[in-house]
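Heavy atoms only: backbone and side chains are in, while hydrogens, waters and symmetry mates are out. By convention in this document, chain letters (A, B, ...) are assigned in the order of the sequence lines, proteins followed by strands, and residues within each chain are numbered from 1.
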Protein chains: 2
Amino acid sequence: MAARTPHPQRRNQVLSREQIIETAIELLDAGGEGALTTRSLTERLSTGSGAIYYRVGSRDELLDAATETVVTAALAAKPARATTTATPEDEIRTVALALFDAIAEHRWLATHLILQLVRKPFGPVTVGIFERIGRQVGALGVPRASWFDAASTLVHYILGAVSQHARIDGDTSTVEPDRAEFLDATAAAWQDLDPEDHPFMHAIVGQINEHDDREQFLTGIAVVLDGLTRLG
Amino acid sequence: MAARTPHPQRRNQVLSREQIIETAIELLDAGGEGALTTRSLTERLSTGSGAIYYRVGSRDELLDAATETVVTAALAAKPARATTTATPEDEIRTVALALFDAIAEHRWLATHLILQLVRKPFGPVTVGIFERIGRQVGALGVPRASWFDAASTLVHYILGAVSQHARIDGDTSTVEPDRAEFLDATAAAWQDLDPEDHPFMHAIVGQINEHDDREQFLTGIAVVLDGLTRLG
DNA sequence: ACTAATCTGGTGCGGCGCTCCAAATGTGTC
DNA sequence: GACACATTTGGAGCGCCGCACCAGATTAGT
């Protein structure tokens, strides 16, 4: 009706915090961390920056919230397989792979997952992961006095390994498919190193192309689990 | 002399790439990642942005260079202790603690160390760490076919654990000394969790105050090393 | 129907990384 | 010493950014 009111129309639907976070995740998935800006978000939601800051506060808080959403969903989606037959080792692998897969789907997660552990040692992400993993260490035969050490070791290994899959940052569709290419380039670069200075790199250069990230990750977990049985 | 020439005076000494990197490290140490800006750097060096971009390129490249300088120095400063008596385990611990201490001194390092591993799998940082650690795994009794897996597991654990000590970002002098305070707050928050939902967190809350990061780190390494002996 | 509380879109500010370029400085040649 | 040429420098300016702020629209309470 009105030809030109200062606020022509409003949201037909109320703008919820969840909507903002979900849209943020979409932007992050599509274009990496750099693609999440106040302006890209306001445009996508066709709103102003005021609404966003009213709901979520700063950009950092939005990133934290996105991380929390994704991690919580990932952990919830993969409970212990069959509740009766699952061993503690199974449960730990389940949690670890849930995080691994979450990062495969949302590459920007890697960096922020670690930041959460450091910046918010309370908070659902840190507590959730620690609790889920920690519960199993007793069943592994680790003495109570070493529970904290054991859980820390597991969590640290898992996060370190999983961070490996961080995003190079940029558009997904164009940067994604060169995994094989990337491995080849790495192998070639390692091959070019001076064999005298880098005998080890030369010894393993053949293994880089035939290795599978997920399998290597599971091998690493098996190593840590083995080591934990000797704690006490 | 001249009342106002467009370029009143120049550097009395040529501006070297090393100077820029060192100044950047100083700024990072003093104020965290946010304190390193083109402008703060040009001010400190009393130059213009042109000189800096001419020498080091982008800000990211400067951060990479700073990371490389610090890590290389840390690794070089701590060679195997006594060359004859050092076991492979000793050497691995030496490298791990060198990284641990480097991050204690330069908290901003944590984030960028992991990024280097991901973004520049060649490059002195990644190769240096891998080579140094990888050489030992053979001596540990790990079969050649598993060398890559073993080295990866070690590096991933070390980086994951060491990232824990990332900076909250801000001024060093004011933010630093509240370590005990921080642990107390964490313990209190864990204590407040619902004991039914978080039995594990409650079980270990007593251990958080008496634990020592460095010792826990060494325990973790011992766990991984133990686990590696079963590889094959 | 009126008021108070809640919520939203948009403008503008200070600061960022970085490009670009004229001028100052080195380097070679005769 | 004079000149041409390559190298190096300081700084102005551009297009972004996160975010504070606020007028006004909407909703809820009575």
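For the pair A/E43 CD and D/dC16 P, the computed distance is 12 Å after rounding to whole Å. With rounding to whole Å, A/R39 atom CZ is found 6 Å from D/dC17 atom C1'. The distance between atom OH of B/Y54 and atom C1' of C/dG26, rounded to the nearest whole Å, is 12 Å. Here the P atom of nucleotide D/dG18 and the CD atom of A/E33 are 10 Å apart, to the nearest Å. Note: CD1 (B/I52) to P (D/dT7) measures 21 Å, nearest angstrom. Atoms CG (B/L36) and P (C/dG17) sit 7 Å apart, rounded to a whole Å. Atom OH in A/Y53 sits roughly 4 Å away from atom C1' in D/dG18 (whole-Å rounding). The CG-P distance, from A/L41 to D/dC19, rounds to 12 Å in whole Å.
Using a 4.5 Å cut-off on side-chain heavy atoms (C-beta onward), A/W190 and A/I204 make contact.
Contact check, B/T38 against C/dC18: no side-chain N or O comes under 4.0 Å of OP1 or OP2.
Residue contacts shown for A/S58 are limited to sugar-phosphate atoms, with no base heavy atom under 4.0 Å away.
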With side chain to side chain contact (heavy atoms under 4.5 Å, CB included) as the criterion, how do B/K120 and B/V125 come out once you've worked through the C-alpha distance, each side chain's angles and the decisive distance to 0.1 Å?
CA-CA 8 Å; B/K120 306 172 99 185; B/V125 173; over 6 Å; no
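Closest to the B/S49 side chain, of the nucleotides D/dC19, D/dC17, D/dG11, is D/dG11. Candidate nucleotides D/dC19, C/dT19, C/dT8 were compared by shortest atom distance to the side chain of A/A51, and C/dT8 ranks first.
Between A/G50 and B/T37, the residue anchored closer to the 5' end of DNA chain C is A/G50, taking for each the nucleotide with the nearest heavy atom.
In this structure, A/E91 does not pair ionically with A/R135, as no charged nitrogen and carboxylate oxygen lie closer than 4.0 Å.
Counting only N and O atoms by type, the side chains of A/H211 and A/N209 include no donor and acceptor under 3.5 Å apart.
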